[in-house]
Amino acid sequence: SNMQLHWGMSVFHYDITDAIENVTIPASACNSPPCFQLQNIGEQTNNGVEALLTAYLGEHWEFHINYTYLDRDNKSDPDILPLDTPQNSFFSYVSFTANDQWRFQLSGEYNDDRYSTTDGVQVADGFFIGNAKTTWTPDEHLQFELGVNNIADKLYAYDEGFYEAGRSYFINARYRY
């Protein structure tokens with residue numbers, strides 16, 4: 001049983017002088033609240049780290065995990081909260097390659113809560129969704145995938161109030177020449 005590991009890490013820091021954000025404004029300022037306006041919010045600092053690990057377990061099994069941490073701070077006005085970005089997110093999969101033609105994969109994705117308005121009134125809850133797919137490659141040119149996303153039919157949203165599709169099925173075909 002031969003095991004190989006591949007790993008990586010990125011650390012980042014951004015100082016932004018003139019950050020633009022979709023700022024929440026009073027409901028009386030538009031016809032259909034909530035109301036937003038692109039504004040220069042001044043100085044913002046974004047710090048984070050991304051890490052990944054892929055383990056190849058023999059010739060048949062592969063395991064992968066990816067983690068991202070993101071801390072966004074508005075230095076000019078801390079009351080204006082960052083939109084649409086979870087502080088923590090994970091993605092992982094495990095796959096089994098039966099032979100040259102067949103591969104089976106289970107994957108999962110987790111995202112923390114995220115602000116949908118800069119005043120923090122609307123927050124999209126954190127969520128976990130799971131997916132599965134089977135890949136058949138009958139020859140070097142042709143590949144078919146069959147799968148299901150959001151297996152548990154989880155109700156989730158990236159933006160509070162705007163829910164993503166429930167369980168969905170897909171079939172893909174690819175021809176390489």
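Values below: every heavy atom of this structure, side chains too, minus hydrogens, waters and symmetry copies. Quick caveat, the model's predicted, so the values are computed rather than measured.
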Legend entry - N111 side chain to G126 backbone, donor-acceptor under 3.5 Å: no

Inset, instruction - Take Y158 and E164, measure what side-chain contact (heavy atoms from CB on, under 4.5 Å) needs, and give me the verdict at the end. - result: CA-CA 8 Å; Y158 293 102; E164 296 296 312; 3.4 Å; yes

Inset, instruction - On the 0 to 90° scale, with breaks at 30° and 60°, tag the F144-W136 ring pair as parallel, tilted or perpendicular. - result: parallel

Legend entry - Straight-line distance of E109 CD to N66 CG, nearest 0.5 Å: 10.5 Å

Inset, instruction - Determine, stepwise, if the pair T137 / D100 fulfils side-chain contact (heavy atoms from CB on, under 4.5 Å). - result: CA-CA 7 Å; T137 309; D100 290 342; over 6 Å; no

Inset, instruction - For the pair D153 (side chain) and G166 (backbone), establish whether a donor and an acceptor sit closer than 3.5 Å, ignoring hydrogens and angles. - result: no

Legend entry - Separation between CG of L57 and CZ of F63, rounded to the nearest 0.5 Å: 9.0 Å

Inset, instruction - Sort and list the pairs that fulfil disulfide (SG to SG under 2.5 Å) and have at least one residue in residues 21-100, not counting sequence neighbours. - result: C30-C35

Legend entry - From T17 atom OG1 to K75 atom NZ, the distance as rounded to the nearest 0.5 Å: 13.5 Å

Inset, instruction - Can you spot which of N47, T45, T85 makes a side chain to side chain donor-acceptor pair (under 3.5 Å) with R72? - result: T85

Inset, instruction - Anything under 30° is parallel, anything over 60° is perpendicular, the rest tilted; go ahead and classify F12 against Y14. - result: tilted

Inset, instruction - Run the ring-centre check on Y110 versus Y67 and record whether the distance is less than 6.0 Å. - result: no

Inset, instruction - Tell me, with the steps shown, if Y69 and Q87 meet side-chain hydrogen bond (donor to acceptor under 3.5 Å, both in side chains). - result: CA-CA 5 Å; Y69 171 81; Q87 190 166 42; 3.2 Å; yes

Inset, instruction - Enter the distance from I25:CD1 to T117:OG1 here, rounded to the nearest 0.5 Å. - result: 12.5 Å

Inset, instruction - Mind checking the CD-CG spacing from E59 to N99? Nearest 0.5 Å is all I need. - result: 10.5 Å

Inset, instruction - Determine the minimum heavy-atom distance between Y156 and A165, stating which atoms define it. - result: CE2-O, 4.0 Å

Inset, instruction - State, with a plain yes or no, whether a side-chain heavy atom of T135 is found less than 4.5 Å away from one of Q143. - result: yes

Inset, instruction - For the pair H64 and F91, name the ring-plane relationship: parallel under 30°, tilted 30 to 60°, perpendicular over 60°. - result: tilted

Inset, instruction - With rounding to the nearest 0.5 Å, note down the distance linking CD in E21 to CG in N40. - result: 11.0 Å

Legend entry - Close side-chain approach of L52 and H6, heavy atoms under 4.5 Å: yes

Legend entry - side-chain contact (heavy atoms from CB on, under 4.5 Å) between Q37 and V23, intermediate numbers included: CA-CA 5 Å; Q37 183 181 60; V23 177; 5.5 Å; no

Legend entry - Heavy-atom closest pair, residues V148 and F170: N-CE2, 3.8 Å

Inset, instruction - Evaluate the criterion side-chain hydrogen bond (donor to acceptor under 3.5 Å, both in side chains) for residue pair S76 and E43; output intermediate values, then yes/no. - result: CA-CA 5 Å; S76 299; E43 294 181 18; 5.2 Å; no

Inset, instruction - Just do the side-chain contact (heavy atoms from CB on, under 4.5 Å) check on W61 and V94 with the steps written out, would you? - result: CA-CA 7 Å; W61 290 95; V94 60; 3.9 Å; yes

